[in-house]
2 protein chains.
Amino acid sequence: MATISDVASLAGVSTATVSRALNGKSTVDPELAARVLAAARELGYQPNGPARNLRRQEAAVIALIISDVENPFFTAIARGVEDVAHAVGYSVVLCNADENADKERRYVDVAIQERVAGVIMSPTPTATNVDLLINRGTPLVAVDRPLPERPSDTVLVDTRLAAREATEHLMTQGYQRIGCVTGPSGVRTADDRLAGYRDALRAARMKSSPRLVRRTEFKAAGANRAAQDLLAQPEPPDALLVANSAMAIGVLAALNEASRRPGRDVGVVAFDDVPWAELVDPPLTVVAQPAYEIGTVAAQLLLARIADNTRAATTTTLGARLIERESSHRGDLP
Amino acid sequence: MATISDVASLAGVSTATVSRALNGKSTVDPELAARVLAAARELGYQPNGPARNLRRQEAAVIALIISDVENPFFTAIARGVEDVAHAVGYSVVLCNADENADKERRYVDVAIQERVAGVIMSPTPTATNVDLLINRGTPLVAVDRPLPERPSDTVLVDTRLAAREATEHLMTQGYQRIGCVTGPSGVRTADDRLAGYRDALRAARMKSSPRLVRRTEFKAAGANRAAQDLLAQPEPPDALLVANSAMAIGVLAALNEASRRPGRDVGVVAFDDVPWAELVDPPLTVVAQPAYEIGTVAAQLLLARIADNTRAATTTTLGARLIERESSHRGDLP
DNA sequence: CTGAAAGCGCTAACAC
DNA sequence: GTGTTAGCGCTTTCAG
């Protein structure tokens, strides 16, 4: 593997000049620069990242720590981050914390150790370890959920309002006993969606019963059990607000098994628009979150903070959009 | 940020001892080791990754370059790789090449520059740049598709056989004019699925017509147009083999729009089992690929090669499994 | 505008 | 079993 000194001797200049020429930093005689470039090409020179990062005390890398690689919501965020970061020469490494505090901690450690330029993360409720990041002064932006107890740049969706609107939509459609299947207590989005649901019931002076609410991890299996449980009650819900797309799969499966048709028998609205929402029967009403935009905004915020870490922390809240399809329409009554 | 010498002075030992104690390398007096650990904890010491990697000439990081983060097939591979790699202390960075040769090249450069311990990738048809990797001797394993023209450890699925079996299944169900919607020419999986489809037709002495085959990128939009096009023909297909799950979405949407019911009107089998396959109406027959296992096997192969780069290149071929659901059953004829 | 040289933090000979 | 020290490859003063 060729080093900068190999290039220097081939080009007949010093290593300092090679470095300057390759980085386009201070001005270098065009003729020398051309010689350097030619020599570098000839040797197939590839800069040594660790050496550069050691010297610079920082890598041109952004770590993106997300809660679940298999959730399209987070992969869409990833694309947004990548597009913005690549445009200005940063690489993005995607780390899958898997809603698991240990893995999260591990990746935060890696980010610190590799001296990445900044971190974007959707924190677990405990967000262990981020203090290390903060103390070190590593630029950090939280997405989807705020960092517990610590100020930071944050990009959120007004998910409480969106949940309220979705619930009100179900009321408008004539559903009377609306239930809610949401994520674990402590996860802000799960809590907010439940709060929005309750806001709507309260505003309509409908009774809010704990028997209509289930909390489980943000996965299909948990939501499936929750929905079965809900439907097996003496007074089952006639509509359900579901907190993400993986859960929607579990809920719709439970409805199928119980021979309850979405819309006609049980109204369903789920968070996150997914490509298959229009294909299920009946098509699924969803709350579409601007995931890609969350990513682009977060990346811009991070880049701004990398440039100037004294900025005050900001919180950006984006709106969500209800997309009505058949699963929340009762259809013609007999 | 505390360094190893800070820890050394606090513990009253040399930096070498700190390094040894922290890495558990050669034996260190237990009492000294304890002092070192205590000092490190007290100072909140975090090793400097770039310095370590520079010295070691290698980072304990595996780069995983996949073709599409939004494709569940690839994210499942990622989980397999992660689980194996983490168990032995490697971190995995996920890079999304997006079926794009430029991005792929960029990530390969990053992998080389950062001196990662190894690379796992699903190469684009050109796989530009991997020669750099190979010349440098960086351990490399290809997944899903072989590296064009270069030997390497490879983990594949016998997708040609799977395509043949899926097609034969459609024949058994009584479909007569079976079509195929597959990916771009040059992408091995796309070519193989088409070849398997043709194998089946040939074995059954059925005519294979180019009018029944469409090639497009592995996305919903392209497949949607392809399916519309296919259905608009004078003699449209009465069954379709579809090469991945994103394409299946496009195809099913086209069928809906044309009011053709999967199964009854047009038999459908798609590659990749996805969580929503059972929810669409009728449930989708799929070819389930062992994606997670591809990841675990690839990671094991890579680790073996990191340990011993003189091993001969191997190719592991895993089987796929047809999961029959209603979309490939004609149902009761009138 | 260019070169010499220091040094980023760590590990691994090598010497004791 | 422990310490001393060279040096990984690069960028960046500092002189000239």
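Partners of B:F73 by ring pair (Phe, Tyr, Trp, His ring centres under 6.0 Å), not counting sequence neighbours: none found. Residues passing the side-chain contact (heavy atoms from CB on, under 4.5 Å) test with B:V61 are B:A59, B:S91, B:V93, B:V116, sequence neighbours excluded. Checked against side-chain contact (heavy atoms from CB on, under 4.5 Å), A:R55 has no partners two or more places apart in sequence or in another chain. Looking at residues two or more places apart in sequence or on another chain, you find a side-chain hydrogen bond (donor to acceptor under 3.5 Å, both in side chains) between A:E70 and B:R79. Legend: residues meeting side-chain hydrogen bond (donor to acceptor under 3.5 Å, both in side chains) with B:S185, ordered by chain and number and at least two apart, are absent. Taking A:L318 as the reference, A:V155, A:P290, A:E293, A:I294, A:T316 meet the side-chain contact (heavy atoms from CB on, under 4.5 Å) condition, with sequence neighbours excluded. A:E58 meets the side-chain contact (heavy atoms from CB on, under 4.5 Å) test with A:A117, A:I306; sequence neighbours excluded.
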Exercise for review: Quick one, give me the B/S/- string for nucleotides 6-16 of chain D, reading 5' to 3', where B means a protein heavy atom under 4.0 Å from the base and S means that only happens at the primed atoms, P, OP1 or OP2.
Suggested key: BBBBBBB----
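Residues in residues 116-151 of chain B take part in no ring pair (Phe, Tyr, Trp, His ring centres under 6.0 Å) pair, two or more places apart or across chains. Judged as a ring pair (Phe, Tyr, Trp, His ring centres under 6.0 Å), the pairs with a partner in residues 98-130 of chain B (not counting sequence neighbours) are, in order, A:H86-B:Y107.
Helix bend of the helix from C:dC1-D:dG16 to C:dC16-D:dG1: the angle between its two end axes, each built from five pairs, comes to 40° after rounding to 10°.
Taking 4.0 Å as the cutoff to heavy atoms of chain A, we find the contact window on DNA chain C bounded by C:dC1 to C:dG9.
Defined by atom type and a distance below 3.5 Å, a donor-acceptor pair is present between the side-chain atoms of B:N96 and A:E82.
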